[in-house]
Protein chains: 2
Amino acid sequence: MSKQGAPLAVIDLNADAPCYPPLAQRRVPAETAAVLAPAFKALGDPVRLQLMSMIASAEDGEVCVCDLTPAFDLTGPTISHHLKTLREAGLVDAERRGTWVYYRARPGILRQLAALLSVEPAPSSQA
Amino acid sequence: MSKQGAPLAVIDLNADAPCYPPLAQRRVPAETAAVLAPAFKALGDPVRLQLMSMIASAEDGEVCVCDLTPAFDLTGPTISHHLKTLREAGLVDAERRGTWVYYRARPGILRQLAALLSVEPAPSSQA
DNA sequence: GGCCTGCCTCGACGTCCGTCTAACCAGAGA
DNA sequence: TCTCTGGTTAGACGGACGTCGAGGCAGGCC
């Protein structure tokens with residue numbers, strides 16, 4: 001549907017965006033679903049989920065692509081494609097320093113997604 | 001051909017499954033990614049995200065399909081297909097009572113996914 | 001039994017996705 | 001400048017996905 005306009009075009013999922021109420025508390029409206037679903041979709045691939053984890057759990061807060069690529073049995077372009085998907089979903093941010101490109105996680109979006117999936121521990125009001 | 005005898009085939013994402021450490025804390029191994037990615041993938045469609053929310057936020061803890069279908073501009077088979085996807089991802093559970101079929105959320109999996117996406121509030125002081 | 005309703009399954013169609021190879025662009029170094 | 005390395009982009013291909021119409025099965029009602 002959406003064309004590939006700008007490479008760094010980020011949806012409304014910035015850290016400035018409001019915290020959506022939990023999915024199990026209020027029915028998610030169509031517009032919210034249209035905004036959040038692409039983020040879940042980006043995490044819906046095993047390779048991207050591992051990439052996201054490697055980036056988010058990096059010691060220095062960032063990872064060089066040269067450290068990501070050899071961790072998979074995939075070609076460089078394929079990894080680059082997955083990173084672009086994560087970038088367009090607003091989950092990571094890229095920065096080129098010299099020859100190398102470093103990726104960094106956007107914790108705000110992860111927090112929003114986690115909040116959306118959060119569930120009440122035990123609704124004891126109903127037996 | 002799979003009969004309707006066991007439509008509840010669930011992957012390893014039951015409430016009994018262990019809580020995976022946050023994605024940003026430890027690198028997600030390949031097997032974990034292979035198990036969790038389908039759940040995110042199932043939530044990666046706007047229709048399914050809304051369906052999941054409608055089911056999880058139901059007052060009585062369950063929703064009849066007859067209440068879900070008219071909420072979308074989609075045909076019955078399409079909604080049924082999306083519900084099957086959520087079912088196979090282990091996110092919801094179905095039960096037929098008389099003529100109607102009721103869907104119920106599995107909060108354990110939502111909790112696990114939320115825990116996986118959880119991020120430290122402010123890692124300013126490296127611990 | 002006959003019929004009606006609710007939901008699922010089947011088959012089909014167009015589109016999107018994941019992967020690859022080949023080619024291109026950006027910096028660094030000599 | 002020329003070359004080498006690192007990363008992205010372009011194009012292609014097979015498979016999966018989202019949607020639909022048609023048909024089937026289960027349960028309730030007359």
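Atom set for the values below is all heavy atoms of this structure, side chains included, hydrogens, waters and symmetry mates excluded. In what follows, chains are A, B, ... by sequence order, proteins preceding strands, each numbered from 1.
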Would you say [N] has OP1 or OP2 under 4.0 Å from some side-chain N or O of [X]?
X	N	answer
A:H82	C:dT19	yes
B:Y103	C:dC7	no
A:T75	C:dC20	yes

Any residue meeting side-chain hydrogen bond (donor to acceptor under 3.5 Å, both in side chains) with A:T75, in chain and number order, not counting sequence neighbours: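 For A:T75, the residues satisfying side-chain hydrogen bond (donor to acceptor under 3.5 Å, both in side chains) (neighbours in sequence not counted) are A:T78.
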Set of side-chain hydrogen bond (donor to acceptor under 3.5 Å, both in side chains) partners for B:H81, sequence neighbours left out: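 B:H81: no side-chain hydrogen bond (donor to acceptor under 3.5 Å, both in side chains) contacts found.
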Only distances under 3.5 Å count here; give the side-chain donor-acceptor pairs of residues 29-43 of chain B to other protein atoms, sequence neighbours excluded, each with its distance to 0.1 Å.
none

Tell me: [atom1] of [X] to [atom2] of [N], nearest whole Å?
X	N	atom1	atom2	result
B:K84	C:dT9	NZ	C1'	8 Å
B:L83	C:dG6	CG	C1'	13 Å
A:L74	D:dG7	CG	P	15 Å
A:E88	C:dC17	CD	P	10 Å
A:H81	C:dC17	NE2	C1'	7 Å

Identify whether [X] and [Y] are in the same connected component of the hydrophobic contact network (ILVMFWY, side-chain heavy atoms under 4.5 Å).
X	Y	answer
A:I55	A:Y102	no
B:M54	A:V119	yes
B:V47	B:M52	yes

Those residues of residues 40-53 of chain A lying under 4.0 Å from DNA chain D by at least one heavy atom: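 Under 4.0 Å from DNA chain D: no residue of residues 40-53 of chain A.
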Selection from D:dG7, C:dT9, D:dG21 that lies nearest to any side-chain heavy atom of B:S80: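 Output: C:dT9.
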Proximal nucleotide (of D:dT19, C:dT21, D:dA22) relative to the A:P77 side chain: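 Selected nucleotide: C:dT21.
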Step-by-step side chain to side chain contact (heavy atoms under 4.5 Å, CB included) determination, B:L83 to B:Y103: CA-CA 9 Å; B:L83 290 172; B:Y103 277 77; 3.7 Å; yes
Got a second to check how far [X]'s [atom1] is from [Y]'s [atom2], nearest 0.5 Å?
X	Y	atom1	atom2	value
A:S53	B:L116	OG	CG	7.5 Å
A:R111	B:L117	CZ	CG	12.0 Å
B:L86	B:L91	CG	CG	6.0 Å

Extract all donor-acceptor atom pairs below 3.5 Å that involve side chains of residues 62-73 of chain A and protein atoms in other chains or at least two apart in sequence.
unit_1	atom_1	unit_2	atom_2	d
A:E62	OE1	A:R104	NH2	2.6
A:E62	OE2	A:R97	NH2	2.6
A:T69	OG1	A:V65	O	3.1

Sugar-phosphate, base or nothing in reach of B:Y102, heavy atoms under 4.0 Å: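 Contact class for B:Y102: none.
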What N/O pairs connect the protein and nucleotides 25-27 of chain C at under 3.5 Å? Give each pair on its own line.
none

Pair A:R26, A:Y20: side-chain N/O donor-acceptor within cut-off below 3.5 Å: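 No.
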Position toward the 5' end of DNA chain C (nearest nucleotide), B:I79 or A:W100: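 Of the two residues, B:I79 wins.
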Sub-4.0 Å heavy-atom contacts from residues 65-73 of chain B onto DNA chain C, ordered by number: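 Residues of residues 65-73 of chain B that come under 4.0 Å of DNA chain C are, in numerical order, B:V65, B:C66.
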